[in-house]
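Contents: one structure, followed by commentary.
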Amino acid sequence: MNEETFDKLEEIQQNEFIKAAIDRVGAGVVISDPEQEDNPMIYCNKGFEDLTGYKAEEILGKNCRFLQGEDTSSQMVDKIRKGLSNYENVLVELKNYKKDGTMFWNELQIFPVYIQQMDQNFFVGVQRDVSQRREQQELIGHYLSEVKRLSTPIVPLEEGISVLPLVGTFDEERLNEMLDSVSHHVKESKEDFLIIDMSAVHAYNEAVHMGIYQMNQLLDLMGTTLIITGIKPSFAIQSAPYADFSELSLQSYASVKQALNAVRGR
Ligand SMILES: Cc1cc2nc3c(=O)[nH]c(=O)nc-3n(C[C@H](O)[C@H](O)[C@H](O)COP(=O)(O)O)c2cc1C
């Protein structure tokens with residue numbers, strides 16, 4: 001065996017070794033050639049075939065956009081196009097479709113690779129199916145918004161009167177959510193009175209004081225009267241540094257029952 005043949009054989013064996021290694025990567029790996037018309041795929045590993053259901057011979061020579069479909073974000077595709085045109089690394093998550101039409105979330109990484117011996121640039125793309133993670137994130141998001149919704153339970157008592165029992169602890173985020181859902185509710189149902197019952201609030205912090213103050217201003221603008229019930233005597237003293245309640249015409253009663261009687265007898 002002459003030296004050149006030996007070198008060739010070694011190169012092939014090395015390539016085979018690399019190919020076998022890349023095939024075992026638990027992700028899709030593709031290489032595209034941007035010097036050819038429409039940047040076609042010139043290589044894909046077994047991970048890509050397993051992920052997408054396509055065989056290499058069906059897809060080599062095509063641009064990778066065949067994985068996109070109806071619900072693929074055009075913003076993400078724009079981001080890829082922009083990245084590729086500048087020969088920059090790209091990292092996106094977008095909806096792609098397998099051969100059988102099943103949608104999957106593709107965490108796609110693309111990076112340019114310059115091969116010196118060939119004096120040519122290629123792109124390497126790595127695809128990971130992150131559908132499970134996305135589903136979990138969506139589920140968490142759903143439950144979080146459900147918890148938020150449940151933490152501002154506005155209960156209609158009778159025509160034009162609703163009560164909002166405050167429970168738990170308050171911070172700025174919860175205060176903003178509360179203001180949001182109250183303004184939404186009042187806009188929809190055009191309440192005359194909103195009773196905020198504070199008997200289950202044990203500690204008055206800045207968010208509670210600011211919440212009442214801002215709620216009063218908001219409801220005033222919307223033509224709804226705010227009534228506070230279950231307030232503890234310490235509230236007025238503690239609120240002094242945060243908000244001046246003296247100028248507000250807040251109606252306050254010991255209990256929701258008393259407030260209802262007063263409103264009914266108006
Ligand atoms: C190496 C490489 C791998 C790619 N892999 C995917 C892929 O898995 N899914 C996808 O939607 N797009 C993929 N693309 C992006 C598309 O091929 C194409 O660049 C993109 O749709 C933007 O171009 P267009 O607006 O001409 O379609 C890949 C691109 C390259 C260069």
Side-chain angles (χ1 to χ4, degrees), residues 7-146:
D7 282 352
K8 274 250 160 71
L9 191 67
E10 201 178 42
E11 198 183 308
I12 289 167
Q13 277 171 346
Q14 219 173 16
N15 279 342
E16 282 303 308
F17 169 72
I18 291 170
K19 196 179 157 306
I22 295 178
D23 272 343
R24 274 168 187 71
V25 173
V29 178
V30 304
I31 300 174
S32 78
D33 179 359
E35 288 192 6
Q36 288 186 47
E37 170 79 26
D38 203 26
N39 195 4
M41 274 167 68
I42 55 165
Y43 167 81
C44 78
N45 74 340
K46 189 166 174 306
F48 185 86
E49 293 182 329
D50 293 344
L51 172 64
T52 63
Y54 290 100
K55 286 275 161 231
E57 52 272 22
E58 310 177 64
I59 48 172
L60 291 185
K62 287 187 184 173
N63 182 292
C64 260
R65 76 172 75 80
F66 68 86
L67 291 172
Q68 299 163 10
E70 211 186 329
D71 269 345
T72 303
S73 151
S74 53
Q75 266 166 306
M76 290 301 127
V77 175
D78 289 348
K79 194 173 166 187
I80 303 175
R81 194 183 315 111
K82 209 167 147 221
L84 297 185
S85 67
N86 295 326
Y87 280 85
E88 285 168 357
N89 290 355
V90 174
L91 175 62
V92 288
E93 274 184 30
L94 77 176
K95 283 182 180 173
N96 271 179
Y97 296 84
K98 301 184 185 203
K99 188 178 179 181
D100 66 5
T102 320
M103 188 281 287
F104 69 99
W105 276 100
N106 185 356
E107 182 197 81
L108 172 65
Q109 245 179 315
I110 307 174
F111 30 93
V113 176
Y114 175 69
I115 304 291
Q116 207 163 13
Q117 293 97 311
M118 301 166 88
D119 184 27
Q120 205 204 310
N121 280 299
F122 294 91
F123 284 110
V124 176
V126 179
Q127 291 90 0
R128 278 194 189 82
D129 184 348
V130 291
S131 309
Q132 234 181 349
R133 175 173 39 83
R134 292 293 298 222
E135 271 167 32
Q136 283 164 354
Q137 278 172 345
E138 272 163 33
L139 209 62
I140 290 170
H142 169 75
Y143 283 127
L144 272 181
S145 60
E146 195 61 11

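First listed ligand is number 1; within each ligand, the first listed atom is number 1.
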Q: Give the protein residues with at least one non-hydrogen atom closer than 4.0 Å to an atom of ligand 1, ordered by chain and number.
A: V30, S32, N39, N63, C64, R65, L67, Q68, V77, I80, R81, L84, L94, N96, N106, L108, I110, F123, V124, G125, Q127
Q. Is there a donor-acceptor pair closer than 3.5 Å between any side-chain N or O of T72 and the backbone N or O of N96?
A. no
Q | Close side-chain approach of K19 and Y43, heavy atoms under 4.5 Å | A | yes
(Q) Quick check: do V77 and R81 have side-chain heavy atoms less than 4.5 Å from each other? (A) yes
(Q) Can you classify the ring geometry of F66 versus Y54 as parallel (below 30°), tilted (30 to 60°) or perpendicular (above 60°)? (A) perpendicular
Could you go through residues 29-40 and list every donor-acceptor pair under 3.5 Å that involves a side-chain atom there, pairing it with any protein atom two or more places apart or in another chain?
{"from": "S32", "atom 1": "OG", "to": "N39", "atom 2": "OD1", "distance (Å)": "2.7"}
{"from": "D33", "atom 1": "OD1", "to": "E35", "atom 2": "N", "distance (Å)": "2.9"}
{"from": "D33", "atom 1": "OD1", "to": "Q120", "atom 2": "NE2", "distance (Å)": "2.6"}
{"from": "D33", "atom 1": "OD2", "to": "Q36", "atom 2": "NE2", "distance (Å)": "3.0"}
{"from": "D38", "atom 1": "OD1", "to": "R65", "atom 2": "NH2", "distance (Å)": "2.9"}
{"from": "D38", "atom 1": "OD2", "to": "R65", "atom 2": "NH1", "distance (Å)": "3.0"}

Q.
Quick check on side chain to side chain contact (heavy atoms under 4.5 Å, CB included): which of L94, T52, V92 does N106 satisfy it with?
A. L94
